[in-house]
Amino acid sequence: MKKSSGSKFIPLSDWLGDIKKPVVIAGPCSAESEEQVFKTAKALAKIPGVKIFRSGVWKPRTSPHSFKGHGVEALKWLQNVKRETGLLTAVEVASPKHVELCLKFNIDIIWVGARTTVSPFSIEELTRSLEGIDIPVMVKNPLNPDLELWAGAIERFFISGHKKIIAIHRGFHTYEKTPYRNNPIWEIPIELKRRYPQLPFFCDPSHITGNPDFIEDISQKALNLDMCGLMIETHINPDSAISDAFQQITPARLKILLKKLSIPQKNEDFKIVKQLEDLRNGIDIVDNQILNLLKQRMDIVEKIGLYKKEHKITVLQIKRWNSIINERLTLAEKLGLNKDYIEKMLKILHEASILLQHQIINKK
Ligand code: PEP
Ligand code: MN
C-alpha cells in the first residue's frame with residue numbers, strides 16, 4: 001500500500017465504495033472472546049448500512065486494574081471477521097507498536113482515541129510509524145473541548161500524507177454532571193467542518209451519551225448537522241460486557257434504531273432550493289441590520305467612555321449592568337427568545353463595552 005498524494009482529503013466514497021448515509025461503524029467496545037466477536041459481527045453484517053466492524057483490542061482504561069484488551073489474539077479474531085462477514089475492521093491505536101500489529105493483521109482502518117488526540121507527541125509518533133503506509137485514519141476529538149488540539153492532530157496526519165481521514169465527535173469530558181457521559185459541543189465539529197469542508201465527520205453517540213436511551217436522539221442530531229456516519233458500540237450481550245457495559249446495545253436494537261432515523265437528503269428540487277434561498281436572503285438582511293445596530297451601540301459606548309474619563313467615573317457600574325440584564329431578559333422572555341442565549345449575548349456585549357472604555361480611559 002502506498003501513501004496518497006494530493007492536497008485534499010479524499011472523499012469517503014472514493015475509498016469506502018458505494019455508501020449510503022449514515023455509514024455505520026458498529027461493534028463491541030472490546031473484543032472479549034472469539035465467540036463474542038463472531039456472534040456480534042455476524043449479526044451486524046446483516047444490518048443494512050453497517051460497513052465497518054469496530055473493536056478495541058488495546059483498551060485505554062482509567063484504572064490499571066481494569067481489563068486492558070486481548071491484543072494480538074483479538075487481532076486474529078478480527079482477521080476472521082473480515083474474511084467471514086466482508087465487514088471492514090477498525091481498531092484503536094495509541095502507539096507505533098499497535099500500528100505495526102494492525103498492519104501485520106490487515107486491519108482496514110485505524111482510529112486514534114480521545115486520550116491520544118490530546119497528545120501531540122503521541123500523534124507525531126503515530127504519523128512516523130505510518131510513514132509511506134496508505135491506511136484510513138479516524139481521529140476522535142480530544143477529551144477536553146479544545147478545537148485546536150483536534151485540528152492539530154488531523155493536520156499532523158494530513159501533512160504526513162494521510163488523506164483518508166475521518167473526524168469523530170465523541171463528546172467532551174466535563175467536571176460538572178450533565179445528562180451525558182461526554183458532553184456534545186456541536187459548535188466544535190461545526191467550526192472544524194467550516195475549516196475543512198471536505199473532511200468527513202462521524203459521530204460516536206455511544207461515548208457521548210453513555211446511555212442506550214439517548215443514542216437515537218444524538219444520532220439524529222448528528223445527521224441533522226450533515227455528519228455522514230455513526231460509530232455505535234454494539235455487543236451481542238451488553239449486560240455481560242467487560243468494558244462500557246452500560247452503553248452498548250445489541251445488534252437487534254441497533255437495527256431498530258437505524259430504521260427510526262430520518263436521513264436528510266440532498267434536495268435539488270428547484271422550488272425547494274429557491275424557497276430556502278429566499279429565507280436565507282431574509283437572514284442576510286437581518287444580520288446586516290444587527291451589525292449596523294452593534295456599530296451604533298459601540299459608538300454610544302465610546303461617547304460614554306469619554307464622558308466617564310472626563311468626570312473620573314468608574315467603567316463598571318454594577319447597578320446599571322444589573323438593570324440591563326434584568327430588563328433585557330424580561331423582554332427576551334416576552335418575545336419568546338431563549339433567555340440563556342440572550343444572557344450569553346449580553347455578557348459578550350458588556351465585555352466588549354468594558355474593554356473599549358478601558359482603552360479610552362488608559363489612553364494618555
Ligand atoms: C472506544 O471507542 O472504545 C473509546 C475508548 O473511545 P474514546 O477514545 O472516544 O473514549
Ligand atoms: Mn468504549
Side-chain angles (χ1 to χ4, degrees), residues 23-32 36-37 40-41 44 50 52-64 66-71 74-75 78 88-95 98 102 107 109-119 122-123 126 136-146 149-150 153-154 157 165-174 178 180-185 188-189 192 201-212 214-215 218-219 222 227 229-250 254:
V23 175
V24 181
I25 304 171
C29 179
S30 310
E32 298 166 3
Q36 169 247 12
V37 165
T40 309
L44 288 173
V50 176
I52 302 163
F53 184 76
R54 62 143 284 152
S55 181
V57 311
W58 300 283
K59 296 303 298 176
R61 306 306 298 279
T62 302
S63 162
S66 303
F67 171 63
K68 291 184 193 156
H70 284 298
L75 289 175
L78 293 185
L88 297 174
T89 51
V91 165
E92 173 176 352
V93 294
S95 71
H98 295 165
C102 282
I107 296 302
I109 301 168
I110 52 175
W111 88 80
V112 178
R115 290 156 191 80
T116 306
T117 307
V118 290
S119 163
S122 301
I123 298 293
L126 289 174
V137 183
M138 307 194 285
V139 184
K140 288 199 172 190
N141 65 249
L143 290 175
N144 54 325
D146 186 337
L149 212 44
W150 196 7
I154 291 166
F157 282 107
I165 299 182
I166 292 174
I168 303 183
H169 182 33
R170 50 76 78 197
F172 299 95
H173 175 79
T174 56
T178 79
Y180 302 112
R181 181 178 180 198
N182 292 293
N183 213 29
I185 304 182
I188 292 183
L192 213 54
F201 276 80
F202 279 40
C203 177
D204 173 346
S206 301
H207 286 90
I208 287 180
T209 63
N211 180 342
F214 300 154
I215 291 179
I218 291 292
S219 300
M227 294 197 175
L230 299 168
M231 179 188 263
I232 300 182
E233 279 192 342
T234 321
H235 191 294
I236 198 68
N237 181 10
D239 290 342
S240 73
I242 309 180
S243 61
D244 287 355
F246 50 87
Q247 74 189 23
Q248 303 198 59
I249 59 174
T250 60
L254 177 70

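Atoms within each ligand, like the ligands themselves, are counted from 1 in listed order. One is the number of the first residue; the rest follow in order along the sequence.
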> With a 4.0 Å cut-off, would you call R54 and E92 a salt bridge?
Replying inline: no

>> Looking only at distances, can you tell me whether any N or O atom of D204, backbone or side chain, sits closer than 3.5 Å to an N or O atom of ligand 1?
In response: no

> Which residue and non-hydrogen atom of the protein lie closest to atom 9 (O) of ligand 1, and at what distance in Å?
Replying inline: R170 NE, 2.6 Å

>> Regarding D244 and R181, does a basic nitrogen lie under 4.0 Å from an acidic carboxylate oxygen?
In response: yes

>> Suppose we measure from atom 2 (O) of ligand 1 to each protein heavy atom; which comes out shortest, and what is that distance?
In response: R54 NH1, 2.6 Å

> For atom 8 (O) of ligand 1, what's the nearest protein heavy atom and its distance?
Replying inline: A114 N, 2.8 Å

>> Can you report which non-hydrogen protein atom sits closest to atom 1 (C) of ligand 1, along with the distance?
In response: H207 CE1, 3.2 Å

> So N182 and R170, side-chain contact (heavy atoms from CB on, under 4.5 Å) or not? Walk me through it.
Replying inline: CA-CA 7 Å; N182 292 293; R170 50 76 78 197; 3.4 Å; yes

> What protein heavy atom sits nearest atom 6 (O) of ligand 1, and how far away is it?
Replying inline: K140 NZ, 2.9 Å

> At what distance, to the nearest 0.5 angstrom, does NZ of K140 lie from OG1 of T117?
Replying inline: 9.0 Å

> How far is atom 5 (C) of ligand 1 from its nearest protein heavy atom, and which residue and atom name does that atom have?
Replying inline: E92 OE1, 3.5 Å

>> I'd like to check which ligand 1 atoms, numbered from 1 as shown, lie under 4.0 Å from a non-hydrogen atom of K59.
In response: 1 (C), 3 (O), 5 (C)

>> I need the single residue from Q247, Q248, E32 that forms a side-chain hydrogen bond (donor to acceptor under 3.5 Å, both in side chains) with H235. Which is it?
In response: E32

> Parallel under 30°, tilted from 30 to 60°, perpendicular over 60°: which one fits the rings of W150 and F201?
Replying inline: perpendicular

>> Nearest 0.5 Å, please: how far is OG1 in T234 from CD1 in I249?
In response: 5.5 Å

>> Out of all atoms in ligand 1, which are within 4.0 Å of some heavy atom of G113? Include the element for each.
In response: 8 (O)

> Between V23 and V50, does a side-chain contact (heavy atoms from CB on, under 4.5 Å) hold up when you go through it step by step?
Replying inline: CA-CA 7 Å; V23 175; V50 176; over 6 Å; no

> Measuring from S55:OG to Q36:CD, what's the distance to the nearest 0.5 Å?
Replying inline: 6.5 Å

>> Looking only at side-chain N and O atoms, does S30 offer a donor or acceptor that is under 3.5 Å from a partner on S243?
In response: yes

> Going by chain and residue number, what protein N/O/S atoms come nearer than 2.8 Å to the Mn ion (ligand 2)?
Replying inline: C29 SG, H207 NE2, E233 OE2, D244 OD2

